[in-house]
Amino acid sequence: MQTDTAQRGLLDPDVTGFIAILGLLSSVLRHASDCSSIRSNLQVNTVTLCIRLLHQPVHIVLKARICSLLECVVSDPHYAQLLLQQLEYGRILSTDTSSGLRYELETIETGSEAYPLTCSFLRLLLAITDSLSPRVVLASNAFPTFLQFVIRDVFLRCEQRVCLPTRPAEKWLMISLCLQFLSSFLPLFQELSIDVLSESDRNLQQRLASVIGELLCGNEVLHQILSIPSITPSHSLLKQQISSDGIADSSVLVDFALFDAYSFQVRAIYDAIALVCQLLEVTPEVISRLSLRSQLPGTVSLVTSLASQLLADSHIAMTLLIHITDSLEPNLQLITLQVLRCLSDQLNSDLLVSLFDGYPMAIRAACNELCRSVLFLQQQDLSTDGKNKEESSEQELRRQACSVLLDLLVAHASVEFPSVVSVLLGLPQSLVSIRAPGSVCLLGTLVTFLDSPALVSLHSVLGSKITRLFFLLCSHHDVGFISFSHS
């Protein structure tokens with residue numbers, strides 16, 4: 001048995017070699033999909049040993065690599081089920097803070113200011129969930145322990161934990177993995193929210209309802225989720241020289257992938273907004289029908305829908321919606337527009353418009369630029385020749401975001417002004433300014449697009465949505481009155 005120092009200090013040559021072998025085996029498993037015999041032999045010979053080592057106080061870097069290897073192994077549901085059973089025994093992750101992963105997080109990793117084991121274990125939980133399905137993991141006896149570890153031990157304490165200067169992205173990675181774990185179960189809610197359920201499904205419904213109740217009760221969990229979109233992603237600057245001689249204790253914890261926090265911060269923001277979008281689907285009608293309750297100290301009451309909570313705090317709502325202006329991060333634009341669609345479908349029009357009081361011009365301009373970047377894309381621009389896959393993927397995200405925006409406008413085009421449509425299209429002012437030379441507005445962009453048969457032919461699906469939008473606007477009383485009065 002090793003001491004705490006052995007778990008966090010220098011690696012001896014044998015352990016270093018073992019870590020290298022585990023890394024090699026992980027690479028083989030990731031790329032051996034066409035070599036089933038190699039994959040099968042590696043799994044049979046390594047799974048039992050890896051599980052045993054997770055029970056032992058070996059170096060956290062070694063344990064992290066073991067979890068990474070098991071993450072590859074559990075893509076096979078047989079091994080995923082085997083590992084889930086081991087986790088149900090409670091020796092690897094227990095409620096006891098004096099042993100297992102909880103002890104190593106609080107004592108070993110926090111003392112080392114590095115969290116490779118926690119990150120690897122969270123990835124392993126996600127891999128097991130993906131392999132077996134969220135339904136199976138939700139029904140597991142280990143799920144309450146997983147949930148407590150993810151929320152209480154990791155997510156809520158991330159802000160308090162210090163990370164090495166060489167690992168500034170690690171905090172954001174942990175936050176992101178926690179959010180992904182929570183998000184993986186919420187899609188089950190629609191499936192389990194029906195009235196007629198089997199006994200086993202009713203138990204799952206109650207378990208998931210308690211999770212959603214905790215997320216919506218307005219406590220510290222929800223507050224922290226809603227605070228993440230308010231961060232400003234920034235690139236990290238290394239302020240000290242990295243030890244390269246292998247002597248410093250922290251040298252084994254240097255991870256070049258964690259040097260720059262920017263992409264990890266963006267991913268954390270995305271995962272937070274994605275979770276918000278899922279929680280917005282829990283409408284007041286669903287809350288009432290299923291009697292979703294919060295278990296606050298000294299009181300039990302129905303939870304409040306997230307849409308109503310966001311309406312009550314316009315500042316938090318705008319820290320979400322302002323990501324529509326993140327033109328350099330189209331994935332954030334897409335998920336934020338989906339949030340706006342959910343809010344528009346649930347909130348009274350006048351109340352929704354009040355959320356835009358601080359930044360109507362910025363959001364309006366961002367929506368216009370988004371549509372221009374998609375609708376005015378010429379045929380030659382659509383070719384992937386000379387472009388990398390990342391650029392092509394970003395353009396597809398912009399196209400999806402533009403489609404969500406147009407669906408939103410069409411869905412609410414008949415709503416009495418002021419509405420989300422009048423805010424985003426700048427009505428009624430844009431009906432007048434659109435005729436001015438050099439005018440740039442979303443309404444003008446859509447008109448210009450329809451005036452080009454080549455562009456309409458190129459983007460026929462989006463063109464049909466825009467045509468439908470103008471049909472509804474021309475039938476709108478407010479638009480007709482304004483157009484007549486300025487004719």
Side-chain angles (χ1 to χ4, degrees), residues 1-30 41-75 79-80 82-83 86-87 89-94 96-128 149 153-154 161 163-164 166-167 169-170 173-174 177 242-258:
M1 300 290 287
Q2 298 193 30
T3 64
D4 287 357
T5 303
Q7 283 193 267
R8 79 175 86 184
L10 295 174
L11 289 169
D12 62 49
D14 289 338
V15 176
T16 302
F18 192 20
I19 288 175
I21 292 173
L22 291 174
L24 175 61
L25 293 179
S26 298
S27 296
V28 170
L29 289 174
R30 286 192 184 97
N41 289 334
L42 281 174
Q43 290 175 339
V44 169
N45 294 330
T46 57
V47 172
T48 303
L49 175 60
C50 287
I51 291 175
R52 287 177 179 174
L53 285 174
L54 285 180
H55 298 154
Q56 304 300 321
V58 297
H59 200 287
I60 60 169
V61 174
L62 176 57
K63 273 198 175 182
R65 290 297 178 89
I66 291 171
C67 287
S68 296
L69 177 60
L70 290 173
E71 177 192 348
C72 301
V73 169
V74 298
S75 60
Y79 291 102
L82 175 63
L83 187 55
Q86 289 292 322
L87 290 169
Y89 294 153
R91 290 185 295 171
I92 300 172
L93 179 62
S94 67
D96 184 6
T97 57
S98 64
S99 63
L101 289 175
R102 277 195 171 90
Y103 171 79
E104 287 160 326
L105 169 59
E106 299 301 336
T107 304
I108 309 301
E109 291 191 301
T110 300
S112 301
E113 299 182 359
Y115 310 89
L117 176 55
T118 296
C119 291
S120 294
F121 182 74
L122 290 173
R123 285 196 183 101
L124 177 58
L125 284 184
L126 288 171
I128 292 173
F149 178 74
D153 295 294
V154 184
R161 301 193 190 280
C163 292
L164 287 173
T166 54
R167 305 170 70 91
E170 197 158 37
L173 175 58
M174 287 191 289
L177 292 171
I242 305 170
S243 174
S244 59
D245 58 7
I247 295 176
D249 284 359
S250 62
S251 65
V252 296
L253 299 172
V254 171
D255 187 336
F256 290 96
L258 297 175

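Numbering starts at 1 and runs along the sequence shown.
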So, the side chain of Glu109 versus the backbone of Thr118: is there a donor-acceptor pair under 3.5 Å, distance only? yes

What distance separates Ile66 CD1 from Leu117 CG, expressed to the nearest 0.5 Å? 9.0 Å

For Cys119 and Leu173 the tightest heavy-atom approach is SG-CD2, 3.8 Å

Is the shortest heavy-atom distance from the side chain of Tyr115 to the side chain of Ile60 under 4.5 Å? no

Shortest non-hydrogen contact between Arg167 and Pro116, atoms and distance: NH2-CB, 3.7 Å

Quick one: closest heavy-atom pair of Leu105 and Thr110, and the distance? O-OG1, 2.7 Å

State whether the side chain of Glu71 and the backbone N or O of Ser120 hold a donor-acceptor pair below 3.5 Å, judged by distance alone. no

Interatomic distance, Leu54 atom CG to Leu49 atom CG [nearest 0.5 angstrom]: 9.5 Å

Measure the CG-CG distance between Leu93 and Leu125 for me, rounded to the nearest 0.5 Å. 7.5 Å

Do Phe18 and Leu53 have side-chain heavy atoms sitting under 4.5 Å apart? yes

If you look at every heavy atom in Lys63 and Val58, which pair is closest and at what distance? CG-CG2, 3.5 Å

The reported gap from CD1 in Ile19 to NE2 in His59 (rounded to nearest 0.5 angstrom) is 7.0 Å

For Leu69 and Ser26 the tightest heavy-atom approach is CA-OG, 3.4 Å

Correct closest heavy-atom pair for Asp153 and Arg161 would be O-NH2, 2.7 Å

To the nearest 0.5 Å, tell me how far Leu22 CG sits from Leu25 CG. 6.0 Å

Just wondering, do Phe149 and Leu122 contact through their side chains at under 4.5 Å, heavy atoms? yes

Taking atom SG of Cys67 and atom CD1 of Ile92, what is their separation to the nearest 0.5 Å? 8.0 Å

Do Leu177 and Met174 have side chains that get closer than 4.5 Å, going by heavy atoms? no

Hey, does Leu87 have a side-chain heavy atom less than 4.5 Å from the side chain of Ile128? yes

